[in-house]
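Comments concern the structure below.
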There are 2 protein chains.
Amino acid sequence: MTGERIHPSCDESFGQRIAQTLQLLQASLPVQRRMVHAGDKIYRVGQEFGSLHVVSTGMVKVVNLSADGREQVVALHFRGDWLGLEAIATGSYACDAVAMDTGEVWSVPYAQLLTAALSQPQLLRALHDAMSRQLARDHDSLQSLCALPTDARVASFLHYWADAMAKRGLRTDQISLHMTRAEIGNYLGMTLESVSRALSRLARCDIIRFLEKGRREIHIPRVEALDSFVRQAAALPAAISD
Amino acid sequence: MTGERIHPSCDESFGQRIAQTLQLLQASLPVQRRMVHAGDKIYRVGQEFGSLHVVSTGMVKVVNLSADGREQVVALHFRGDWLGLEAIATGSYACDAVAMDTGEVWSVPYAQLLTAALSQPQLLRALHDAMSRQLARDHDSLQSLCALPTDARVASFLHYWADAMAKRGLRTDQISLHMTRAEIGNYLGMTLESVSRALSRLARCDIIRFLEKGRREIHIPRVEALDSFVRQAAALPAAISD
DNA sequence: CGATCTATTGAGCCTATTCAACCGTCGTGG
DNA sequence: CCACGACGGTTGAATAGGCTCAATAGATCG
């Protein structure tokens with residue numbers, strides 16, 4: 001293991017684990033690589049389930065479609081994340097998976113993955129870890145939605161994003177959200193105006209800064225500042241600082 | 001492979017699948033059965049992960065503990081549901097699992113489960129199905145939280161509960177919530193007063209009825225009524241359709 | 001019976017939504 | 001080239017939905 005560190009708090013080994021998993025997949029299965037661009041769908045709701053997918057590069061949003069046609073972003077995925085897990089039980093995808101960026105997605109037939117997993121326990125471990133992490137992440141999302149006011153929810157979202165980047169060895173002080181305010185709002189259960197206002201307020205407190213005029217590039221001087229902002233908002237449901 | 005079918009929407013066979021899974025577990029692993037009563041903890045946050053748990057009878061709530069001590073109910077589990085899945089990746093439980101009722105919980109060491117799964121593919125399938133279902137369920141929770149007003153969220157909650165009972169072959173017209181209004185509110189991201197008001201309104205519309213004076217027994221004449229109530233609230237945040 | 005817990009309901013307030021106007025950027029086409 | 005519209009973002013004013021605070025009542029239990 002090469003000794004390189006970027007972030008103190010998060011484990012550096014996570015990025016390596018991702019790389020290992022991707023290598024393992026490639027070595028032991030006929031993965032089908034696919035280049036995707038923003039807006040491309042990796043799979044669609046209702047489509048028959050056959051394969052799981054792993055994000056190699058790029059970012060993917062998972063959109064739940066309700067019966068009456070409304071859309072709900074329920075998860076975001078980055079390098080190393082698995083897609084389609086929610087379809088295993090039912091046999092058909094319950095969501096759309098949409099690329100938010102140019103990237104590469106690998107697909108592996110679920111049946112073959114299981115077969116390979118019998119002789120490669122690490123594969124099974126990787127799959128279970130991915131599912132487990134997703135469950136834990138969903139719980140955190142739920143808690144944010146239930147317990148935090150809008151501003152803190154946006155802060156928590158940024159923190160999550162920065163954390164996801166840090167875990168993958170990418171720079172965390174400057175993140176570029178490949179989402180519109182409307183998409184962010186949809187994911188966080190609020191309106192696009194509220195997202196905009198929250199971001200403006202965070203910028204006013206100097207917790208974040210906008211780079212360029214196109215305000216999707218966000219500079220985060222200190223990630224801990226986001227954390228403490230969330231923490232404080234959580235403790236006092238209705239406190240207002242000047 | 002024995003003849004098995006997966007229904008798209010509302011499978012009658014679900015209850016049978018649960019029974020089969022429990023039998024399978026019992027037959028191929030040293031499950032440790034444990035009787036639990038309301039308030040008992042199956043596992044605690046921070047505790048080292050070693051075993052997964054399956055609800056045999058009774059109901060269990062999973063409570064996420066945030067850094068600052070606030071509690072958040074993130075999931076509810078019934079017969080056949082697996083507990084502790086979110087701990088696989090990290091190696092330690094991230095939540096408390098608390099019995100809401102008298103019941104029985106089976107525990108199986110994860111390592112032994114994996115070993116057994118190598119020779120019993122159905123075991124692995126059952127585990128994956130459970131995780132997959134939980135992920136899909138989490139997505140639905142997220143969507144409810146994000147998109148529905150309080151009344152509809154309560155209605156959706158009751159519908160979910162009734163559905164869970166129905167899938168397990170239990171009576172669905174009369175459900176007994178083993179939760180206080182405060183717990184329900186915590187789970188649904190609203191205050192206990194809002195829960196109370198929502199229930200009162202639903203009762204006023206005759207979508208539900210209270211049995212007895214202790215108002216946790218709820219009679220649901222027509223489950224479809226709950227569904228249509230949710231659907232209508234979802235479609236029009238403020239719009240008007242005859 | 002008093003003490004405690006849970007639930008219901010009302011009144012006022014506050015947060016986040018709705019509605020609206022405005023600005024900047026980006027393509028497109030006259 | 002500029003006019004134009006489409007789109008994404010910001011900000012303000014007014015509204016409303018849900019929260020807070022508070023009072024009341026039933027239930028349970030020692």
Side-chain angles (χ1 to χ4, degrees), chain A residues 38-39 70 73 100 144-158 176-205 208-218 232-242, chain B residues 38-39 70 100 144-158 176-205 208-218 232-234 236-240:
Chain A
R70 292 169 311 103
V73 177
M100 296 192 297
S144 287
L145 260 120
C146 282
L148 297 181
T150 53
D151 288 16
R153 234 147 62 215
V154 172
S156 171
F157 167 74
L158 292 175
S176 102
L177 309 170
H178 294 257
M179 307 172 74
T180 66
R181 303 289 192 257
E183 277 179 316
I184 298 173
N186 181 292
Y187 180 51
L188 298 179
M190 55 209 242
T191 61
L192 66 94
E193 292 95 331
S194 291
V195 176
S196 182
R197 279 186 246 269
L199 287 173
S200 295
R201 271 190 284 263
L202 288 174
R204 211 166 295 137
C205 301
I208 64 171
R209 280 175 207 155
F210 291 112
L211 309 174
E212 320 278 333
K213 268 304 182 189
R215 321 182 80 182
R216 294 206 192 168
E217 303 283 328
I218 292 181
Q232 148 189 346
L236 336 167
I240 300 160
S241 61
D242 60 306
Chain B
R70 292 169 310 103
M100 297 192 296
S144 287
L145 234 55
C146 282
L148 297 181
T150 53
D151 288 15
R153 232 142 69 212
V154 171
S156 171
F157 166 75
L158 292 175
S176 103
L177 309 170
H178 293 258
M179 306 173 74
T180 66
R181 303 289 192 257
E183 278 179 315
I184 298 173
N186 181 292
Y187 180 52
L188 297 180
M190 56 209 241
T191 60
L192 66 93
E193 292 95 332
S194 290
V195 175
S196 182
R197 279 186 246 270
L199 288 173
S200 295
R201 270 190 284 265
L202 289 173
R204 211 166 294 135
C205 299
I208 64 172
R209 280 175 207 157
F210 291 111
L211 308 174
E212 321 277 331
K213 270 303 182 188
R215 322 182 78 179
R216 293 204 194 168
E217 303 284 326
I218 292 180
Q232 148 190 344
L236 354 152
I240 303 144

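Proteins get letters first, then strands, A, B, ... in listed order; numbering begins at 1 in each. On a predicted model such as this, the values are computed, not experimentally measured, just so you know.
Protein atom CZ of A:Arg201 is 17 Å distant from nucleotide atom P of D:dG9, rounded to whole Å. A straight line from CE of A:Met190 to C1' of D:dG17 spans 17 Å, rounded to a whole angstrom. Put simply, CG on B:Leu192 is 15 Å from P on D:dG18, counting in whole angstrom units. If you measure from atom CG of A:Leu177 to atom C1' of D:dG9, you get 13 Å, rounded to the nearest angstrom. Straight-line distance from the CD atom of B:Glu217 to the C1' atom of C:dT6: 15 Å, rounded to whole Å. If you take CZ of B:Arg216 and P of C:dT8, they are 10 Å apart, rounded to a whole angstrom. As rounded to whole Å, 10 Å separates atom P of D:dT11 from atom CZ of A:Arg181. Remark: C1' of D:dG17 and CG of B:Leu148 are 14 Å apart, rounded to the nearest angstrom.
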Between B:Glu217 and B:Ser176, does the side-chain contact (heavy atoms from CB on, under 4.5 Å) criterion hold? Intermediate values first, please. CA-CA 4 Å; B:Glu217 303 284 326; B:Ser176 103; 3.1 Å; yes

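Annotation: the terminal axes of the helix from C:dC1-D:dG30 to C:dG30-D:dC1 meet at 20°, where each axis is the rotation carrying the C1' atoms of four end pairs onto the next four (5 pairs per end, rounded to 10°).
One distance of note links CE of B:Met100 with CG of B:Leu177; it measures 9.0 Å at 0.5 Å rounding. The structure places CG of A:Leu199 at 6.0 Å from CD1 of A:Ile184, a figure rounded to the nearest 0.5 Å. Taken from CG in A:Leu145 to CG in B:Leu145, the straight-line distance is 5.0 Å, to the nearest 0.5 Å.
Within 4.0 Å (heavy atoms only), B:Leu199 reaches no atom of the nucleic acid at all. Base contact: A:Arg197 has a heavy atom under 4.0 Å from a base atom. Residue contacts shown for B:Ser200 are limited to sugar-phosphate atoms, with no base heavy atom under 4.0 Å away.
Every residue meeting the salt bridge (Lys or Arg N to Asp or Glu O under 4.0 Å) condition with B:Glu183, not counting sequence neighbours, appears here in chain and number order: B:Lys61.
Here C:dT8 is the nucleotide among D:dT10, C:dT8, D:dT20 with the atom lying nearest to any side-chain atom of B:Phe210. Set against C:dT17, C:dA7, D:dG9, the side chain of A:Ser196 has D:dG9 as its closest nucleotide. Considering only the side chain of B:Glu193, D:dC21 comes nearest among D:dG18, D:dT11, D:dC21. Of the candidate nucleotides C:dA16, D:dG8, D:dT10, C:dA16 has the atom nearest to the side chain of A:Pro149.
When the nearest nucleotides of DNA chain C are assigned to A:Gly189 and B:Ser194 by heavy-atom distance, the more 5′-ward of the two goes with B:Ser194.
Between B:Thr180 and the phosphate of C:dT6, there is no side-chain N or O to OP1/OP2 separation shorter than 4.0 Å. An OP1 or OP2 oxygen of D:dG8 is reached within less than 4.0 angstrom by no side-chain nitrogen or oxygen of A:Arg215.
The backbone N or O of A:Val73 sits less than 3.5 Å from a side-chain atom of A:Asn186, completing a donor-acceptor pair. Side chain of B:Ser200 to main chain of B:Ser196: a donor-acceptor pair is present (N/O by atom type, distance under 3.5 Å, no hydrogens or angles).
Considering every non-hydrogen atom in both A:Leu188 and B:Cys146, the closest pair reads C-SG, 4.3 Å.
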